[in-house]
Number of protein chains: 2
Amino acid sequence: MKTIDPSLRDKTKRLTQALRDGGVRVTRQREVLLRILAEAEDHPDATELHRRARAVDDSVSLATVYRTLSVLEREGVVQRHSFESGAARFEVADPAHHDHIVDLDSGEIIEFRNDRIEELQRQIAAEMGYEIIHHRMELYCKKRA
Amino acid sequence: MKTIDPSLRDKTKRLTQALRDGGVRVTRQREVLLRILAEAEDHPDATELHRRARAVDDSVSLATVYRTLSVLEREGVVQRHSFESGAARFEVADPAHHDHIVDLDSGEIIEFRNDRIEELQRQIAAEMGYEIIHHRMELYCKKRA
DNA sequence: TTGTGTGCAAATCTTTTGCAGGTTG
DNA sequence: CAACCTGCAAAAGATTTGCACACAA
């Protein structure tokens with residue numbers, strides 16, 4: 001049987017509150033999606049989120065999934081990733097930015113963070129007269145023999 | 001009037017040769033596309049390349065542009081970039097890898113390279129048991145006030 | 001109540017593909 | 001000549017949108 005993870009409940013609550021604070025209505029469909037996003041440990045795309053959402057409430061439409069994801073992105077609750085191929089994938093926004101390693105064989109996505117690189121990036125942009133609004137770095141890798 | 005840039009002719013020739021070496025036929029349409037890619041100083045998408053190609057030879061179809069770009073990518077002649085939104089953009093493959101700064105206001109794309117970051121990336125991947133096959137790094141920026 | 005949100009289906013946009021005919025090597 | 005390419009149009013995949021109805025605040 002499945003135990004309820006209390007930290008998961010908190011996480012969902014925090015996301016819900018972020019929406020209310022943004023003056024956005026928290027509908028039944030959005031609650032479902034927030035919960036699913038909160039408990040996701042991978043980087044699902046819209047279709048996959050739709051599949052998971054319907055398992056909880058089969059009235060959720062794919063259009064709503066897309067519309068909700070746009071709202072959540074605008075509210076800073078989720079992050080959209082466009083990897084090299086296929087549909088966009090989503091994850092709950094991490095207050096501490098991180099980058100991704102994509103395992104080319106398994107498709108698995110691994111998160112990492114390196115402050116040295118972050119700092120170098122800022123330096124490079126600054127030297128060219130720019131300020132970084134956001135950035136992405138993806139390492140497409142294979143396991144070493 | 002327009003002068004013919006000799007280095008441009010050489011560049012086109014080099015690309016054409018790369019195709020022949022790969023056992024790929026160099027058709028009229030492919031020649032046109034290679035020349036357009038060689039003289040491009042920006043990062044055009046397939047539709048834009050199609051527009052430019054038709055200005056030279058209006059029989060070139062969009063399907064051929066896409067098919068040719070796939071061949072050129074496979075032959076290592078061009079690189080495909082999927083930036084955050086919109087269609088894929090292409091540029092002649094740079095033997096020395098580089099990354100991109102995307103100016104969020106103008107849409108302009110600026111290239112840069114930093115060996116220190118490249119090295120750190122390799123280290124990070126190695127620590128996690130991975131070998132980098134290829135990677136991408138994009139800094140989405142605004143000009144500093 | 002009232003402005004938002006939703007489901008459905010159709011539209012859009014990008015990219016791919018089947019097929020019949022054309023061209024390169 | 002044979003294998004490879006091309007144009008055209010249709011298909012496919014992802015995402016957006018118009019509309020009439022439903023619902024959160």
Side-chain angles (χ1 to χ4, degrees), chain A residues 13 15-36 43-75 77-90 107, chain B residues 15-34 36 43-75 77-90 107:
Chain A
K13 236 174 209 166
L15 300 182
T16 306
Q17 194 52 48
L19 283 199
R20 288 196 219 284
D21 292 350
V24 173
R25 289 186 185 173
V26 179
T27 62
R28 185 164 40 84
Q29 293 88 335
R30 288 179 180 174
E31 268 179 344
V32 171
L33 280 168
L34 284 174
R35 184 145 65 82
I36 286 174
H43 296 68
D45 63 17
T47 304
E48 175 59 23
L49 288 169
H50 182 218
R51 187 182 351 269
R52 295 182 196 177
R54 271 186 315 184
V56 177
D57 176 345
D58 72 352
S59 80
V60 180
S61 75
L62 181 57
T64 289
V65 171
Y66 273 109
R67 274 189 282 231
T68 299
L69 287 170
S70 292
V71 170
L72 297 187
E73 188 185 20
R74 171 162 52 74
E75 297 300 319
V77 168
V78 305
Q79 267 178 280
R80 176 193 306 260
H81 298 292
S82 307
F83 294 115
E84 282 193 341
S85 64
R89 289 153 161 261
F90 300 83
Chain B
L15 300 183
T16 305
Q17 195 53 47
L19 284 200
R20 288 195 219 284
D21 292 349
V24 173
R25 288 184 184 173
V26 180
T27 63
R28 186 165 40 82
Q29 293 88 335
R30 289 181 179 173
E31 269 179 343
V32 171
L33 280 169
L34 284 174
I36 286 174
H43 296 68
D45 63 15
T47 304
E48 175 60 24
L49 288 168
H50 183 217
R51 184 179 356 266
R52 296 182 195 177
R54 270 186 316 184
V56 177
D57 176 345
D58 71 352
S59 81
V60 179
S61 75
L62 182 57
T64 289
V65 171
Y66 273 109
R67 276 189 281 232
T68 299
L69 287 171
S70 292
V71 171
L72 297 187
E73 187 184 22
R74 173 162 51 72
E75 297 300 321
V77 167
V78 305
Q79 268 178 280
R80 176 191 308 259
H81 298 292
S82 307
F83 294 115
E84 283 194 340
S85 64
R89 290 154 160 260
F90 301 83

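A note on names: the letters A, B, ... follow the listed sequences, proteins ahead of strands, and every chain is numbered from 1.
In this structure, Arg80(B) reaches neither bases nor backbone, as no heavy-atom distance under 4.0 Å exists between it and the strands shown. The residue Arg28(B) sits apart from the nucleic acid: no heavy atom pair falls under 4.0 Å. Within 4.0 Å of Thr47(B), counting heavy atoms only, lies no atom of the nucleic acid at all. Ala63(A) comes within 4.0 angstrom of a nucleotide base, judged by non-hydrogen atoms across all strands.
For the pair Gln29(A) and dG7(C), the criterion of a side-chain N or O lying under 4.0 Å from OP1 or OP2 is met. A sub-4.0 Å separation between OP1 or OP2 of dG5(C) and a side-chain N or O of Thr64(A) is absent. In this model, the phosphate group of dT15(C) is not approached by any side-chain N or O of Arg67(B) to a distance below 4.0 Å at OP1 or OP2. The phosphate of dT6(C) has OP1 or OP2 within less than 4.0 Å of a side-chain N or O from Thr27(A). Contact annotation: Arg20(A) side-chain N/O to dA25(D) OP1/OP2 distance is under 4.0 Å. OP1 or OP2 of dT16(C) has not a single side-chain nitrogen or oxygen of Tyr66(B) nearer than 4.0 Å.
The distance from atom CG of Asp58(A) to atom P of dG7(C) is 10 Å, rounded to the nearest whole Å. In this structure, Gln17(A) atom CD and dA25(D) atom C1' are separated by 14 Å, rounded to whole Å. If you measure from atom CD of Glu48(B) to atom C1' of dT15(C), you get 17 Å, rounded to the nearest angstrom. Atom pair Leu19(A):CG and dA24(D):P shows a separation of 15 Å (rounding to whole Å applied). A straight line from CZ of Arg30(B) to C1' of dT6(D) spans 9 Å, rounded to a whole angstrom. We find that CD of Glu73(B) is positioned 14 Å from C1' of dT16(C), with the value rounded to whole Å. A straight line from CG of Leu69(B) to P of dT14(C) spans 14 Å, rounded to a whole angstrom. Going from atom NE2 of His50(A) over to atom P of dG7(C) covers 8 Å, rounded to whole Å.
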- Task: Could you please spell out the steps behind the side chain to side chain contact (heavy atoms under 4.5 Å, CB included) verdict for Leu72(B) and Leu19(B)?
- Result: CA-CA 8 Å; Leu72(B) 297 187; Leu19(B) 284 200; 3.6 Å; yes

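Distances from the side chain of Leu62(B) to the nucleotides dT15(D), dT6(D), dT15(C) place dT15(C) closest.
Contact of Arg25(A) with dG3(C) (side chain to base): a donor-acceptor pair of N or O atoms is detected under 3.5 Å.
Ion pairing between Glu48(A) and Arg52(A) holds under the 4.0 Å rule for side-chain N and carboxylate O.
Remark: Leu62(A) CG to Arg54(A) CZ distance equals 8.5 Å, nearest 0.5 Å.
By the 4.5 Å heavy-atom criterion applied to side chains, Arg74(A) and Val71(A) are counted as neighbours.
In this structure, Val24(B) and Ser70(B) both approach DNA chain C, and ranking their closest nucleotides by distance from the 5' end singles out Ser70(B). Two residues, Asp45(B) and Val60(A), neighbour DNA chain C, and the one matched to the more 5' nucleotide by heavy-atom proximity is Val60(A).
Here the closest non-hydrogen pair linking Ala88(A) and Arg80(A) is CB-CG, 3.9 Å. Among all heavy-atom pairs drawn from Ala46(B) and Phe90(B), the shortest one is N-CE1, 4.2 Å.
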